[in-house]
Amino acid sequence: MYTVDEAFEILKRNKITTSKESVRRWLRDGVIEAAPPATRKQGWRIAEDALDRFIAERLPEGIAKEVDSAPSYTADDLKAAEERGRAEMWNRVAGKWLWEGHVEIKRKMIRDAVEHMRYTREFEEIVWQRVVANSKSYSKPRVFYLVDAFLFENERVLYHPDFGGRSDLEDAIVFAILEKVRLDMKSSQ
């Protein structure tokens, strides 16, 4: 069973119509056989064989119906799939403890970043405590990084885009930590 939108996309691919309103008119007039909507929210339900018959009647002799060969994806779908793939790869590699390297986080780095962003001393202390807790098995606080992100509190965190990226790794990581802690605090309120 197809909805009006799905039927329209199929008819559009087969170059039968470019108007969704035409599909609705054909449904109302009974040109396309379909179950009328019980409610406005439910909408028309079009059987696959009824739509196939309608397309066969409309297509010129010798032209085959264009079938759904591949789903269409938006740019957002592709970007989300790419990010999921990158995260999956990153987690597999991180699970094997393979890193490009690490950055030692010093209290002064946190203090300077907090002052730059004009956050409070209390916030600085919270961030520092979380950095220390994140590195509890090392004598000095550190963050391990790989490709475009780093590991903080067992989460993959992207470098902060406004502060250096790969060119100034320390700033990109420290400011991303500040942002992560700030957002975590905001969401817990």
Side-chain angles (χ1 to χ4, degrees), residues 1-6 8-10 12-13 20 39-43 67-189:
M1 297 294 264
Y2 294 117
T3 64
V4 172
D5 291 338
E6 293 166 338
F8 168 70
E9 289 301 321
I10 292 168
K12 186 176 167 184
R13 271 195 307 275
K20 202 179 290 186
T39 65
R40 287 189 80 175
K41 188 174 183 179
Q42 180 188 7
V67 293
D68 246 354
S69 56
S72 59
Y73 295 105
T74 65
D76 289 339
D77 294 336
L78 296 174
K79 188 173 183 176
E82 180 181 304
E83 180 59 27
R84 281 192 308 274
R86 181 179 292 150
E88 182 181 318
M89 178 274 313
W90 198 89
N91 286 330
R92 270 196 313 250
V93 172
K96 296 178 183 176
W97 297 102
L98 298 175
W99 308 96
E100 277 186 67
H102 70 274
V103 172
E104 285 187 15
I105 307 293
K106 298 178 176 75
R107 180 114 190 195
K108 181 170 178 15
M109 293 164 69
I110 301 294
R111 183 176 300 123
D112 291 346
V114 166
E115 285 176 10
H116 177 78
M117 298 300 288
R118 295 191 172 119
Y119 293 141
T120 65
R121 290 277 183 188
E122 293 80 23
F123 181 73
E124 175 189 333
E125 187 60 33
I126 291 168
V127 172
W128 179 248
Q129 292 304 318
R130 287 180 65 175
V131 166
V132 170
N134 183 64
S135 306
K136 61 186 169 213
S137 57
Y138 298 97
S139 60
K140 295 180 182 177
R142 61 185 64 186
V143 173
F144 292 92
Y145 63 88
L146 179 69
V147 188
D148 63 346
F150 61 94
L151 187 65
F152 187 75
E153 296 177 334
N154 292 323
E155 288 184 39
R156 177 179 179 265
V157 181
L158 296 173
Y159 300 145
H160 197 291
D162 298 334
F163 292 96
R166 296 289 292 190
S167 62
D168 191 1
L169 200 55
E170 289 179 354
D171 282 349
I173 289 174
V174 168
F175 282 98
I177 290 172
L178 291 184
E179 186 66 10
K180 180 183 181 344
V181 171
R182 185 186 70 79
L183 291 174
D184 288 351
M185 289 173 62
K186 187 177 178 179
S187 68
S188 68
Q189 290 178 348

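Note that the structure is a prediction, hence the values are computed from the model and not measured. Values below: all heavy atoms of this structure, side chains included; hydrogens, waters and symmetry mates excluded.
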Less than 4.5 Å apart, any side-chain heavy atom of [X] and any of [Y]?
X: Phe123; Y: Met117; result: no
X: Val131; Y: Phe152; result: yes
X: Glu104; Y: Glu170; result: no
X: Phe150; Y: Ile177; result: yes
X: Asp112; Y: Lys108; result: yes

Please report the shortest heavy-atom distance between [X] and [Y], naming the atom on each side.
X: Val157; Y: Ala176; result: CG1-CB, 4.2 Å
X: Tyr119; Y: Arg182; result: OH-CD, 3.2 Å
X: Val174; Y: Ala113; result: CG1-CB, 3.5 Å
X: Glu6; Y: Met1; result: OE1-O, 3.9 Å
X: Asn134; Y: Arg142; result: ND2-O, 3.8 Å

Between Ser135 (side chain only) and Val132 (backbone N and O only), is there a donor and an acceptor less than 3.5 Å apart?
no
If I take atom [atom1] from residue [X] and atom [atom2] from residue [Y], how far apart are they, to the nearest 0.5 angstrom?
X: Ile173; Y: His102; atom1: CD1; atom2: NE2; result: 10.5 Å
X: Glu153; Y: Asp184; atom1: CD; atom2: CG; result: 6.5 Å
X: Leu178; Y: Leu183; atom1: CG; atom2: CG; result: 11.0 Å
X: Ile10; Y: Asp5; atom1: CD1; atom2: CG; result: 11.5 Å
X: Lys12; Y: Lys20; atom1: NZ; atom2: NZ; result: 9.0 Å

Take atom NZ in Lys180; do more than 12 heavy atoms of anything else shown fall under 6.0 Å from it?
yes
Taking the ring centre of each residue, are Phe175 and His116 less than 6.0 Å apart?
yes
Residues Arg107 and Glu125 bridged, charged N to O under 4.0 Å:
yes
